[in-house]
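Worksheet: the structure to be examined is printed underneath.
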Protein chains: 2
Amino acid sequence: VERIFVVKKASYSGICEARAKLEGVVPMTPLLPLRLGAFTLWCKCESDQPMGAFKLRGAWHRMTALSDEEREGGVVAFSSGNHAQGVAWAAQRLGLRATIVMPSNAPDIKVEGTRALGAEVVFYDRMTENRDEIAASIAAERCAVLVPPFDDPYVIEGQGSAGIEALEQFAALGLAAPDLVVAPCGGGGLASGLSLAIPGARMAIVEPEGWDDVGISLERGEIVSVPADAPPTICDALQTLRASPRTFAILSERKPQAVSVDEAEVFAAMRLAHAELGKRIEPGGAVALAAIMAGKIEPGERTLVLLSGGNVDPALFERAMWG
Amino acid sequence: VERIFVVKKASYSGICEARAKLEGVVPMTPLLPLRLGAFTLWCKCESDQPMGAFKLRGAWHRMTALSDEEREGGVVAFSSGNHAQGVAWAAQRLGLRATIVMPSNAPDIKVEGTRALGAEVVFYDRMTENRDEIAASIAAERCAVLVPPFDDPYVIEGQGSAGIEALEQFAALGLAAPDLVVAPCGGGGLASGLSLAIPGARMAIVEPEGWDDVGISLERGEIVSVPADAPPTICDALQTLRASPRTFAILSERKPQAVSVDEAEVFAAMRLAHAELGKRIEPGGAVALAAIMAGKIEPGERTLVLLSGGNVDPALFERAMWG
């Protein structure tokens with residue numbers, strides 16, 4: 001296969017392009033007010049996306065940019081979670097072949113969810129095999145294009161389109177743009193996309209306790225990985241080992257406040273979102289709200305809070321609701 | 001002057017036309033959430049209109065429908081309040097001559113406000129002269145078109161455009177359409193426009209205590225006037241003696257719940273709107289909110305509340321805030 005290198009940097013105009021490409025493909029997700037004491041938080045409910053999270057945004061923007069030759073080979077992605085379903089969803093809508101590389105111990109519900117969207121699932125052994133190598137070898141073998149979960153300019157731009165939608169929604173209400181954006185952070189794809197989409201606002205990112213590698217990286221000025229002995233977390237969507245050079249560069253320039261939240265704080269946010277907004281939010285999707293509720297981030301006049309996904313295991317959801 | 005009669009009935013499509021004609025002329029007024037106990041009320045802040053109330057909507061829709069011949073003669077209106085300023089505002093923007101007939105004891109602030117918008121003010125003596133006759137004779141003399149405050153299909157449609165805007169705003173948020181619309185009611189122009197604009201929702205109208213002629217009219221099935229010994233009311237914007245055949249016919253078909261509110265209830269609503277939304281609402285503009293706060297109207301899942309105007313005398317505003 002002959003390849004040429006294309007230089008592309010995630011940008012505001014690319015985010016607007018992603019937003020335009022999603023118009024009519026998926027409806028705008030709701031922006032719902034949530035009253036918290038004296039403050040109104042504006043919650044962008046990405047849990048309402050057809051596959052349950054914001055991830056289809058980046059996948060769609062990346063995959064609609066493929067050349068005809070690239071389309072023939074399809075796409076490959078490694079993920080056991082929302083990214084897998086985002087890529088599978090976009091591939092199905094675009095008529096592309098999608099292969100998803102998952103750990104052999106991935107939960108059945110995620111495997112079946114991905115297969116239900118028409119993707120082929122290939123397993124690897126988390127202990128003995130390297131996920132990146134497997135994905136790369138499949139990509140080479142099938143002439144498929146790898147769609148990374150966050151380390152990609154298209155993916156970052158696509159995730160940022162949630163911010164442009166929110167700006168449109170604020171404007172439609174007759175409100176000025178948000179003065180604070182609070183987003184969950186795993187590898188930093190959503191956070192860096194929003195950083196570029198809404199440059200005028202204060203920015204805060206939230207990670208799960210013990211998985212606050214991005215916060216530490218920003219403090220130290222270099223990418224730091226989650227330690228090998230990191231505690232387990234219920235926030236599977238944010239269980240990323242480290243940021244990427246692309247997302248770290250964007251976030252380093254933006255200098256967001258970075259905080260982390262524990263399980264009890266996440267559960268409290270899931271309960272409030274359910275009681276007040278009627279939404280099922282997954283743990284990783286609720287951390288931004290959790291951090292504000294816990295008083296770790298001071299709300300603004302017009303706070304945009306990303307409720308980034310809703311793919312939560314029913315038993316875990318029950319535990320969050322009833323303890 | 002040769003005149004032809006044109007048959008026109010206020011309709012949903014006419015309201016959509018009015019909405020389209022206002023696009024780019026005035027910005028959408030804010031739709032702001034107001035938390036009240038377990039409910040979120042969605043407040044349409046018509047107080048943010050350039051002349052401080054929804055009245056420019058009907059005036060604009062009527063006056064943009066004038067023929068070239070009609071435009072030459074200008075317009076005439078009788079009003080001491082928001083309707084006068086709405087007509088004056090629209091006339092100024094459209095380059096038309098406007099004559100406003102006001103009682104000779106009208107407050108200076110309203111006279112000056114109307115003159116500041118370029119209209120000519122003609123006084124009449126409330127005790128010895130008939131307002132309608134004065135306006136009609138001026139209209140005949142100057143070949144001017146009379147713009148009634150509510151008894152006109154264009155005016156009704158124009159006021160209804162606030163409802164179409166609200167529907168657009170609900171949709172932009174990702175919310176279903178409102179299931180309850182609560183509006184202040186004087187002559188019924190706004191209420192009947194909203195009745196036609198949002199036919200799917202439960203509807204409620206609110207009048208000032210002692211000036212609840214529309215509620216009584218709906219109950220009796222015929223237009224009843226406010227009694228001669230009606231008590232004074234702070235809601236000058238709703239101080240209309242009776243509904244018109246046009247507005248009454250629309251409201252009779254719609255069968256809204258009709259309630260009335262007293263001064264203390266209106267003041268409480270003005271205080272809440274100021275504290276929570278940062279808006280100065282005039283007494284007549286606050287009655288819909290007041291009725292819900294007083295428990296006289298059961299909120300819906302998605303309640304649209306019209307805060308219809310903000311032209312309040314500073315001294316009265318202070319009295320509402322501080323007692």
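Every value quoted in this text rests on a predicted model; they were computed, and no experiment measured them. Below, chains carry the letters A, B, ... as their sequence lines are ordered, and counting in each starts from 1.
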Return yes when atom [atom1] of [X] has more than 12 non-hydrogen atoms of other residues, nucleotides or ligands closer than 6.0 Å, and no otherwise.
| X | atom1 | answer |
| --- | --- | --- |
| A/Glu168 | CD | yes |
| B/Glu318 | CD | yes |
| B/Tyr12 | OH | no |

**Message:** For B/Glu276, which atoms come within 4.5 Å of any heavy atom of chain A: side chain, backbone, both, or neither?
**Reply:**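 Looking at B/Glu276, just its side chain touches chain A.
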**Message:** Just verifying a value: how many Å separate B/Phe170 CZ and A/Leu173 CG, rounded to the nearest 0.5 Å?
**Reply:**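 Atom-to-atom, B/Phe170:CZ and A/Leu173:CG are 9.5 Å apart.
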**Request:** Go through B/Arg35, B/Met28, B/Lys44, B/Glu165 and name the one with the most non-hydrogen pairs under 4.5 angstrom from chain A.
**Result:**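 Top option by heavy-atom pairs under 4.5 Å: B/Arg35.
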**Sub-4.5 Å side-chain heavy-atom contact between B/Leu32 and A/Leu175** =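 Yes, close enough: below the 4.5 Å cut-off.
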